Amino acid sequence: MEIFFLYLFVIGCCIGSFINVVIHRLPINQSIVYPSSSCPKCNAKIKWFDNLPIISWFLLNGKCRTCKTKIAFSYPIVELFTGLLVCLNLYAQPTIYSQQPIYITILFGIIFNTILFTLAILDFKYFWLPRVITLGGLVFGITASLYVDLINDFYQFNYLINTLSASFFGFTFFYLLSRIGKKIFNKPVIGGGDAKLSALIGSWLGISGLFLSIWLAFISAGIFVIFGMIFKKIKRNQKIPFGVFLAMSGSLVWYFGNEVFLKIVFLRI
Ligand SMILES: [Zn+2]
C-alpha cells in the first residue's frame, strides 16, 4: 500500500509538472508539447535534471541555472498539490462508481481531478475556462461511463444515460442562469465557461453528484463573498472566478461521495 501510495505520488507530481506547462503556455497560445521547456528570460533550454518535479526547484534554489532569474514558487506547489490529489484517489469514494473495482475509481479520479485542478488555476488567474479542456474532459467523462457499462455488460447503458443527462442538465442550468442574469443585471454574471464546466462535472459524477456539486459551489462561493466583504477584501460588484468553486466542489463530491453532502443538505448531521 505504501509503495503504491508513493508510486501514485510520483505520477501525480509528473502530471503536476505537465499542468504547469499547460497553465503557462495555453494563455499565450503556445503549443503544450513543443518546444521543450526553456527559461522565459534567457531562453536557455532546461535540462532534464533541472526539470524534475519539486526536487529541481529546491536544488536550483528557485533560480534559473544560467541567468539566475527567479522561478516562481507556484511551480513546486502545483506539483506537490497534484501529487497529493492523485494519491488521495486511493481513498476516493465516488458514489456513481461505488460498485466498480478500485482501479476504475483511481484511474478515473486521476483524470477528473487533475482536469478540475487545471481549470481552477486558469479560472483563478485569468477568469478563463478554456473550451478545449472543458469539452475534452466532458467527452472523456462520457466515454469513461460508457466503458463501465461495457465491461459490466450493462447493455441498458445506465451509466451512460446518467452522465449524458447530467451533462445536458449541467449545461442548460448555467446557460439559463446566465441568460436570466443578463436580463436582470444587464451584464454577464455567469460566463459560458461555467456552463461547460458544469457539463463536464456531470459527465463524471452523474445527476446526483452534479446537483451536490452545484449546491456546494453556490454555498462556498457565498460564504467566500460574505467573509471577503466583512474583511473588506472584496468590493461590491467584483468579479468572482465561480469556476474555482465549481471545480473544487466537483472534486470534493468525487472524493467523499454523495452521502456526506446529502446529510449536510438535509441537516442530518
Ligand atoms: Zn534563465
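FYI, side chains are in, hydrogens and waters are out, and symmetry mates aren't considered; it's all heavy atoms of this structure. It should be emphasised that the depicted structure is a prediction, and the values quoted were computed from it without experimental measurement. Atoms within each ligand, like the ligands themselves, are counted from 1 in listed order.
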Q. So do the side chains of N113 and T82 get within less than 4.5 Å of each other, counting heavy atoms only?
A. no

Exercise. Please check if I102 and L107 belong to a single hydrophobic cluster, counting links between Ile, Leu, Val, Met, Phe, Trp and Tyr side chain heavy atoms closer than 4.5 Å.
Key: yes

Worksheet item: Is a side-chain donor or acceptor of S167 paired with a backbone partner of A199 at a separation under 3.5 angstrom?
Response: yes

Residue pairs passing the salt bridge (charged side-chain N to carboxylate O under 4.0 Å, His left out) test with at least one member in residues 49-63, sequence neighbours excluded, are D50-R65

Protein N/O/S atoms closer than 2.8 Å to the Zn ion (ligand 1), ordered by chain and number, come to C39 SG, C42 SG, C64 SG, C67 SG

Residues 51-87 vs ring pair (Phe, Tyr, Trp, His ring centres under 6.0 Å), sequence neighbours excluded, gives H24-Y75, W57-F73, F81-F117

By ring-ring contact (aromatic ring centres under 6.0 Å, His included), F211 pairs with (sequence neighbours left out) F169

